[in-house]
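Report on the following structure.
Counting starts at 1 for both ligands and their atoms, following the listed order. Owing to the predicted nature of the structure, the values given are computational and were not obtained by experimental measurement.
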Amino acid sequence: MSEPVLQMRNIVKSFYGNNVLDNVTFDLQKGHVHAIVGGNGAGKSTLMKILTGVYVKDSGEIRVDGKIVDFSGYAMATAAGIRMIFQELSVVPTLTVVENIYLNHEERKGFFNDDRRMREDAKKLLDRLGIDVAVNEKIANLSVGYCQLIEIAKALSEKVKILVMDEPTASLSDTEVKRLFDIVRTLKSEGVSIVYISHRMNEILEIADEVTVLRDGKHVITEDAKNLTIAGIINYMLGDAERNAFEYHERPKIRNPGVMIDVNGLCVENLVRDVSFHVNEGEIVGLAGLMGSGRTEILESLFGIRKIHKGQIVIQGKPVEIKNTQTAIHTGIALVPENRRREGLVLRHSLKDNLLLALFNQVKKNMVIDSHKIRKISEESIRDFNIKTNSIDTLISNLSGGNQQKVVIAKWLKNNPKLLLLDEPTAGIDIGAKGEIIKIIEDYAGRGNSVIVVSSEISELVAMCDRIVVLVNGRKTKELTRNEIKNEGVIQHAIQG
Ligand SMILES: Nc1ncnc2c1ncn2[C@@H]1O[C@H](COP(=O)(O)OP(=O)(O)O)[C@@H](O)[C@H]1O
Ligand SMILES: [Mg+2]
């Protein structure tokens, strides 16, 4: 084989003393598609952000075309022909397609932007990639899938040697995925080398030449895709059972539990199709699935954020129509959203004020806020949830991620909901806080309340759930009982469809 276009050797990276990449080595052959797989937090994105100068490595060596490189920023990597399509979309909704594609590298005619040329070039680019959208369309009017394709077009608007795609298909429909694969094949034939990060094994086996598996920041194996199977890859992804940080704890049985919620034939746009399941009092039920499988949409519809197009919701025997968030809250439902920074907390406010936002009804007395009561509730929360903070007046932005998440959960539990919806409750927080949050959730269910939890961290589902509903492409494909939830492998297999 010829010299790899990219060689990453013994890459080491820690965040705040937490070792995220441990001596990882990764080679990319010219014109190949090399997939990187691994569980959540395995270090995939971090490895590629180090390549593209977004993060600085602690040690190790990177060579492009045999020459040592050290990009001190993304712009430097771009200039060298290396581009990354980030998991977090970076298109600007208020701008048009063409404005986004040429943002920060406008084509010029003398002192002015050459708008006509940019429009023409953008059109050519979109045609070449088979993306049918008007160049003057506002991004805000496009589906997430299209935004993703525009993001790719933007990456390809300048010469690219190495293209990194970080979970590019997470929000694409089947046809958009086909489109993307056509693009990938075209790029390959043009000699572009591609790193492809994904959780979808069948896609990987279809598009990749090689597969590298990372686990907890360590390189596990690199192998030709043709020698691998889905089961084989999953096996490499899983750690030894005894290293799983959390185990399932049998909870005391609730006596004669009733059905807390019965969801019947739920449809949400074309994202959730005819999904039925129920959750008993005192039960924790997990929704497992890949991104885009409809997990989050189910939670959002039950909380009144998304319109339910069809289906019936029965709560403790009573049919309810969840029209909006107010009805949901009134019915005793609470949602801890995935993106707590955006939706769960006001970071500029203090811990106390954040609790106040949710507890308004409990603490207002003749339309005045009972400051004594809010203080008491805040102090209770700090104690009950073991929130590490100097005082209740500390700004939320000064708390660690784990403690912020405890505040969000505290905020909702203080309202005494009977059904708690959790979306990725421990994403991005440290292992200690994870364990504490799992414990808080188990205790809450132990008091006869019910929980529906969505998590990409399969180990977390294994630890918490009494039952797991498996979703593939918006449909329920399986329901796993506690006896069937033996290990992560069972679930990893099930969610692949
Ligand atoms: N900017 C950051 N600050 C602190 N920790 C981070 C940062 N980025 C990633 N991490 C941590 O590094 C680990 C690996 O993350 P990541 O590379 O995003 O994993 P993957 O992409 O495989 O899911 C995780 O534990 C994550 O929390
Ligand atoms: Mg990632």
Side-chain angles (χ1 to χ4, degrees), residues 8 11-26 34-60 62 73-74 84-90 148 151 163-171 194-201 203-204 208 211-222 233-234 236-239 243-246 290-292 338-341 347 397-405 424-437 454-461 488 492 495:
M8 299 183 81
I11 306 295
V12 173
K13 175 74 183 172
S14 300
F15 287 111
Y16 316 110
N18 181 15
N19 199 209
V20 169
L21 292 174
D22 186 3
N23 252 326
V24 173
T25 287
F26 177 78
H34 194 144
I36 305 183
V37 299
N40 246 19
K44 308 177 294 290
S45 298
T46 302
L47 184 67
M48 288 301 118
K49 284 181 177 170
I50 285 174
L51 166 66
T52 52
V54 177
Y55 292 154
V56 181
K57 61 185 182 319
D58 298 342
S59 62
I62 305 175
Y74 185 58
M84 179 158 172
I85 293 157
F86 295 95
Q87 238 172 326
E88 314 83 19
L89 286 183
S90 63
Q148 188 95 38
E151 187 94 28
L163 179 64
V164 179
M165 301 178 145
D166 197 351
E167 301 200 33
T169 59
S171 45
I194 295 167
V195 179
Y196 190 91
I197 300 178
S198 177
H199 286 290
R200 303 184 181 197
M201 307 297 162
E203 286 182 359
I204 285 169
V211 179
T212 286
V213 180
L214 297 183
R215 186 204 301 146
D216 294 339
K218 293 195 177 58
H219 176 265
V220 179
I221 190 169
T222 297
I233 298 176
I234 289 173
Y236 288 124
M237 277 170 56
L238 300 176
R243 288 188 316 104
N244 284 345
F246 313 112
L290 296 169
M291 262 208 269
E338 175 172 12
N339 193 337
R340 64 176 169 276
R341 284 177 176 277
L347 297 179
S397 51
N398 291 338
L399 300 185
S400 72
N403 283 298
Q404 288 183 5
Q405 183 69 337
E424 304 285 1
T426 71
I429 65 180
D430 67 82
I431 191 111
K434 267 184 196 176
E436 286 181 54
I437 285 173
V454 165
S455 177
S456 303
E457 309 210 11
I458 306 289
S459 61
E460 186 170 290
L461 292 178
E488 290 180 45
Q492 287 282 9
I495 61 178

Near the Mg ion (ligand 2), meaning under 2.8 Å, the protein N/O/S atoms are Ser45 OG, Gln87 OE1
Taking all non-hydrogen atoms of both residues into account, name the closest pair between His34 and Val211 and its distance. NE2-C, 3.9 Å
Minimum heavy-atom distance Gln404-Leu399, with the two atoms named: NE2-O, 3.3 Å
If you define the side chain from C-beta out and look only at heavy atoms, does anything of Lys49 sit under 4.5 Å from Met84? yes
Which protein residues have a heavy atom closer than 4.0 Å to any atom of ligand 1, listed by chain and number? Phe15, Tyr16, Val20, Gly39, Asn40, Gly41, Ala42, Gly43, Lys44, Ser45, Thr46, Tyr55
Contacts of Ser456 that satisfy side chain to side chain donor-acceptor pair (under 3.5 Å) - sequence neighbours left out: Arg295, Glu424
Any donor-acceptor pair under 3.5 Å linking the side chain of Gln405 with the backbone of Thr426? no
Identify which one of Ile36, Val213, Thr212, Thr25 satisfies the side-chain contact (heavy atoms from CB on, under 4.5 Å) criterion when paired with Thr222. Thr212
Whether the side chain of Asp58 engages the backbone of Ser14 through a donor-acceptor N/O pair (distance < 3.5 Å, no angle test) should be reported. yes
Given side chains that start at C-beta, do those of Lys434 and Glu457 come closer than 4.5 Å, heavy atoms only? yes
Return the set of residues passing salt bridge (Lys or Arg N to Asp or Glu O under 4.0 Å) with Lys13 (not counting sequence neighbours), or none when no residue passes. none
